[in-house]
Student: 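One structure, pasted below without further comment.
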There are 2 protein chains.
Amino acid sequence: MQVSLASIRDARGEVFTEGCPTRTVLDHVLSKWGVLVLGALTDGTLRWGELRRAVEGISEKMLASTLRTLEGDGFIRRESFPEVPPRVEYALTDRGRELMERMLPLMDWIAANADEILAR
Amino acid sequence: MQVSLASIRDARGEVFTEGCPTRTVLDHVLSKWGVLVLGALTDGTLRWGELRRAVEGISEKMLASTLRTLEGDGFIRRESFPEVPPRVEYALTDRGRELMERMLPLMDWIAANADEILAR
DNA sequence: CTGTATCCGTCGCGATACTG
DNA sequence: CAGTATCGCGACGGATACAG
């Protein structure tokens with residue numbers, strides 16, 4: 001079971017240098033609420049209210065903030081419809097789907113092993 | 001490019017329920033410093049001091065705390081040698097390697113795309 | 001060298017109220 | 001329905017000093 005991170009190390013052998021853009025993206029994408037929001041959007045478009053209910057426990061403030069960050073990074077797309085009452089839909093972009101293709105195996109493994117990991 | 005999270009949804013269609021063990025493991029493993037420490041250990045054993053230097057910017061307090069959490073979850077193993085001066089080595093366990101097998105493609109993709117993602 | 005203990009700032013985040 | 005504005009607290013985490 002050979003695993004290596006060599007391809008993403010810099011010249012000094014460091015993983016993700018401080019101040020490096022990678023750290024920022026890592027923080028956005030792997031944040032407490034970021035992963036859950038991205039996960040919720042993985043199998044389809046959701047409206048604001050649906051998202052709020054799907055990501056159990058998230059506050060409106062954090063949902064808004066997380067959505068704006070992920071939209072700013074181009075992982076999700078916001079589409080608002082000029083109706084009454086208002087309707088706004090959120091969905092993964094192509095970039096977001098690329099990301100989730102890599103994230104899903106990880107979340108899947110964690111979901112499958114969480115109980116055993118915490119059993120102690 | 002079809003992607004789905006259906007396998008890890010619960011009966012109510014929610015992703016990771018609040019209070020679920022999965023959320024805890026997610027927080028440990030995807031924490032700001034957790035990913036970097038795990039990443040640093042990915043291609044081999046490191047001593048405390050090496051780890052501190054490899055994970056640029058981490059404080060001693062957070063390094064200690066992160067290591068204890070990840071050790072508690074069984075992702076890393078701590079081995080201390082009764083020498084003077086003291087020597088302590090940290091390495092991934094089998095479980096840790098299983099985790100990193102799933103995490104590395106993600107980190108790799110992020111490292112490769114971070115610049116473009118933040119370019120705006 | 002490998003940590004632990006303590007202090008203490010800040011800011012992440014939740015709660016609440018309010019608006020288009 | 002889909003958010004924004006404001007307040008306030010608690011804990012996350014950095015700096016420093018000290019210990020084994």
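All chains are named by letter (A, B, ...) in the order of the sequence lines, taking the proteins before the strands, and each is independently numbered beginning at 1.
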Student: What's the closest nucleotide to the side chain of B:Glu60 if the choices are C:dG3, C:dC1, D:dC7?
Tutor: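 Of C:dG3, C:dC1, D:dC7, C:dG3 is nearest to the side chain of B:Glu60.
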
Student: Heavy atoms from C-beta onward define the side chain here; which of C:dG3, D:dG14, C:dG20 lies closest to that of B:Met62?
Tutor: D:dG14

Student: B:Arg47 side chain N/O closer than 4.0 Å to the phosphate oxygens (OP1, OP2) of C:dT2?
Tutor: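 Looking at the OP1 and OP2 atoms of C:dT2, one of them is under 4.0 Å from a side-chain N or O of B:Arg47.
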
Student: C:dG3, D:dA2, C:dT2: which one has an atom nearest the side-chain heavy atoms of B:Pro86?
Tutor: C:dT2

Student: So, for A:Val29 and A:Phe75, which heavy atoms are closest and what is the spacing to 0.1 Å?
Tutor: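 Looking at all heavy atoms of both residues, the shortest contact is CG2-CE1, 3.5 Å.
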
Student: Let me know the distance between CG of B:Leu63 and P of D:dA15, rounded to the nearest Å.
Tutor: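 Going from B:Leu63 (CG) to D:dA15 (P), I get 14 Å.
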
Student: Which one, D:dT6, C:dT2, D:dG14, comes nearest to the side chain of B:Lys61?
Tutor: D:dG14

Student: Measure across A:Leu106 and B:Arg102 and return the closest heavy-atom pair with its distance rounded to 0.1 Å.
Tutor: CA-CB, 3.8 Å

Student: Counting only side-chain heavy atoms from C-beta out, which of C:dG3, D:dG14, D:dG3 sits nearest to B:Ser59?
Tutor: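 Selected nucleotide (nearest to the side chain): D:dG14.
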
Student: Let's see if you can work this out: which of D:dG14, C:dT2, D:dT6 has an atom nearest to the side-chain heavy atoms of B:Trp33?
Tutor: D:dG14

Student: Could you tell me how far apart B:Lys32 (NZ) and C:dC13 (P) are, to the nearest whole angstrom?
Tutor: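 Whole-Å distance recorded here is 12 Å.
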
Student: Just the rounded figure in Å: distance from P of C:dG3 to CD1 of B:Ile58.
Tutor: 13 Å

Student: Give me the atom names and distance for the closest heavy-atom approach of A:Leu70 to A:Gly34.
Tutor: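 Heavy-atom minimum between the residues: CD1-O, 4.1 Å.
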
Student: List for me each residue that meets side chain to side chain donor-acceptor pair (under 3.5 Å) alongside A:Arg78, sequence neighbours excluded, and say none if there are none.
Tutor: none

Student: Classify the nucleic acid contact of A:Phe81 as base, sugar-phosphate or nothing, counting any heavy atom under 4.0 Å across all strands shown.
Tutor: nothing

Student: B:Glu56 CD to D:dG14 C1': how many Å, rounded?
Tutor: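 It works out to 16 Å between those atoms.
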
Student: Specify the separation, in whole Å, of atom CD of B:Glu50 and atom C1' of C:dG3.
Tutor: 16 Å

Student: Looking at every heavy atom in both B:Ala40 and B:Leu46, which two are closest together, and how far apart are they?
Tutor: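 Between these two residues, the closest heavy atoms are O-CD1, 3.6 Å.
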
Student: Could you tell me how far apart B:Arg87 (CZ) and C:dG3 (C1') are, to the nearest whole angstrom?
Tutor: 16 Å

Student: Under 4.0 Å, counting only non-hydrogen atoms across every strand here, what does A:Arg78 touch: a base, just sugar-phosphate, or nothing?
Tutor: sugar-phosphate

Student: Nearest whole angstrom, please: distance from the C1' of D:dG3 to the CG of A:Leu46.
Tutor: 17 Å

Student: When the distance from CD of B:Glu83 to C1' of D:dG20 is rounded to whole Å, what number comes out?
Tutor: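 In whole Å, D:dG20 C1' lies 16 Å from B:Glu83 CD.
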
Student: From the set D:dT4, C:dG3, D:dG3, return the single nucleotide nearest to any side-chain atom of A:Trp48.
Tutor: D:dG3

